[in-house]
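Okay, so here's the structure we're looking at.
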Amino acid sequence: MSTRAQVVLGEREFFPGIGPIPYEGRESDQPLAFRWYEADRVVGEKTMAEHFKFAVAYWHSFGGTGTDPFGAPTRQYPWLVAREPQLRARDKMEAAFEFITKMGIPYYCFHDFDLIEEGPTLAESARRLDRITDYAQQKQAASGVKLLWGTANLFSHPRYMNGAATNPDFAVVAHAAAQVRRALDATIKLGGENYVFWGGREGYLSLLNTDMKTELDHLARFLHLAVDYARRQGFEGQFFIEPKPAEPSKHQYDFDAATVIGFLREYDLLDHFKLNIEVNHATLAQHTFQHEVRVAADAGLLGSLDANRGDYQNGWDTDQFPNNVYELVEALLILLETGGLRGGGINFDAKLRRNSTDPVDLFYAHIGGMDAFARALLVAQDILEHSDYLALRRERYASFQSEAARAFATGQSTLEDLSAWAQANGEPEPRSGRQERFENIINRYL
Ligand code: XLS
Ligand code: NI
Ligand code: NI
């Protein structure tokens, strides 16, 4: 079975001289080849392609021009130069499908206005989206590439400076609803498997001018309306919330996995939502990626991943391509142990560095990210199959096998029962946590 999509070129070739990226194995010294990612290779019970469901992020990869808060664009991508928005959108889509299919990546993800620029009115935006999604339908059919998720950009336009669903002005909330409705239509039309909410402006810059309770109530109401609408249109996919603590807002309501889970529970949204965990968002929240993955997975809510990485020397969302195999092993151990992603996949929400200015750099970046995940998956599977890792961890809790401990864990003892036991048994012996021994396991299997 081959999971590889057909290479689909448009009227012109945007990445000339680059063919389909082959798997060549770890001995290869060809920079445009996979060393570890082999789509059809079975690892545990699934192929690599099934474990990961890799996706390309339309915004960074085809819209990212290298601007930063201090500097102008550094890249003049040939698909971004046409004057007319429809033509530009078409070129961009041709470049996108050429790239995605040459990479052999099975999915992509977009915000509504990554596909085409927003129009001057809601009606014109809807018309533009209709046209470009017609074209996307053709491209998907010709290539076999699928839409992992769609979302609405509710953060770039100035009207959202005080929030979208949480805006204190009802007119803006209604505008956001109109936009989400069309983004849902586009996602459904293209067979999107999931739909994401990331609330970059759903939060505050100052608590002094903010009625937090009202804003959270509105956010929940808004999400309920979106779910109701999508279900009425026949959407059976999964909804995701993507936690992030801050940036661009000072404080974002979807702070981290634990906060989002509490919110979903409080507002009765758990039936429809799972989490999309992003590496660099986890670290911004002062957590490790592994921590966020663990929190979501333990709640049965690990839906999808936005793959990237931060920089250890600064605190921003630098969205670099992932390359740290050791850390990915830690995350993939959790994924394998808990049954993987629920509905989602691994979306490279990652951007080239500002001085990576050649189109070929997009290939190096994605090859590196996919190889890092693939290698980490092999190591994680090896650890679970051949090492005593799980047994060692279980052993730390072995004392809970005793009758008294079981009574405690199953809710059959009182505080007095525990104190009686403690008095009878004296001071606990110190027991090593063996952290270094656990850490060595990963290096041993790398
Ligand atoms: C920004 C987010 C954003 C979401 C989609 O930091 O990662 O890109 O993934 O809106
Ligand atoms: Ni992000
Ligand atoms: Ni993201």
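Both counts, for ligands and for their atoms, begin at 1 and track the order of listing. Everything quoted here is computed from the prediction, not taken from an experiment.
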Less than 6.0 Å separating the ring centroids of F54 and F348? yes

Can you confirm whether or not the ring centre of H366 sits under 6.0 Å from the ring centre of F321? yes

Within the protein, flag every N or O under 3.5 Å from an N or O of ligand 1, and note the pair and distance.
unit_1: ligand 1; atom_1: 6 (O); unit_2: K244; atom_2: NZ; d: 2.9
unit_1: ligand 1; atom_1: 6 (O); unit_2: H281; atom_2: NE2; d: 3.0
unit_1: ligand 1; atom_1: 6 (O); unit_2: D317; atom_2: OD2; d: 3.1
unit_1: ligand 1; atom_1: 7 (O); unit_2: E242; atom_2: OE2; d: 2.7
unit_1: ligand 1; atom_1: 7 (O); unit_2: E278; atom_2: OE1; d: 2.7
unit_1: ligand 1; atom_1: 7 (O); unit_2: E278; atom_2: OE2; d: 3.4
unit_1: ligand 1; atom_1: 7 (O); unit_2: H281; atom_2: NE2; d: 3.2
unit_1: ligand 1; atom_1: 7 (O); unit_2: D349; atom_2: OD2; d: 2.8
unit_1: ligand 1; atom_1: 8 (O); unit_2: D349; atom_2: OD2; d: 3.0
unit_1: ligand 1; atom_1: 9 (O); unit_2: E242; atom_2: OE1; d: 2.7
unit_1: ligand 1; atom_1: 9 (O); unit_2: E242; atom_2: OE2; d: 2.8
unit_1: ligand 1; atom_1: 9 (O); unit_2: D306; atom_2: OD2; d: 3.0
unit_1: ligand 1; atom_1: 9 (O); unit_2: D349; atom_2: OD2; d: 2.9
unit_1: ligand 1; atom_1: 10 (O); unit_2: H111; atom_2: NE2; d: 2.7

Side chains of [X] and [Y], heavy atoms from C-beta outward: is any pair under 4.5 Å?
X	Y	answer
L305	F52	no
I261	L275	yes
E215	N167	no
Y107	V145	no

May I ask you to decide whether D134 forms a salt bridge with R131, counting only side-chain N to carboxylate O separations under 4.0 Å? no

Residues, nucleotides or ligands: over 12 heavy atoms within 6.0 Å of E84 CD: yes

Within the supplied structure, the quantity of interest is the number of heavy atoms (other residues, nucleotides, ligands) at a distance under 6.0 Å from R444 CZ; does it exceed 12? no

List-wise, which protein N, O or S atoms are found short of 2.8 Å from the Ni ion (ligand 3)? E242 OE2, E278 OE1, D306 OD2, D349 OD2

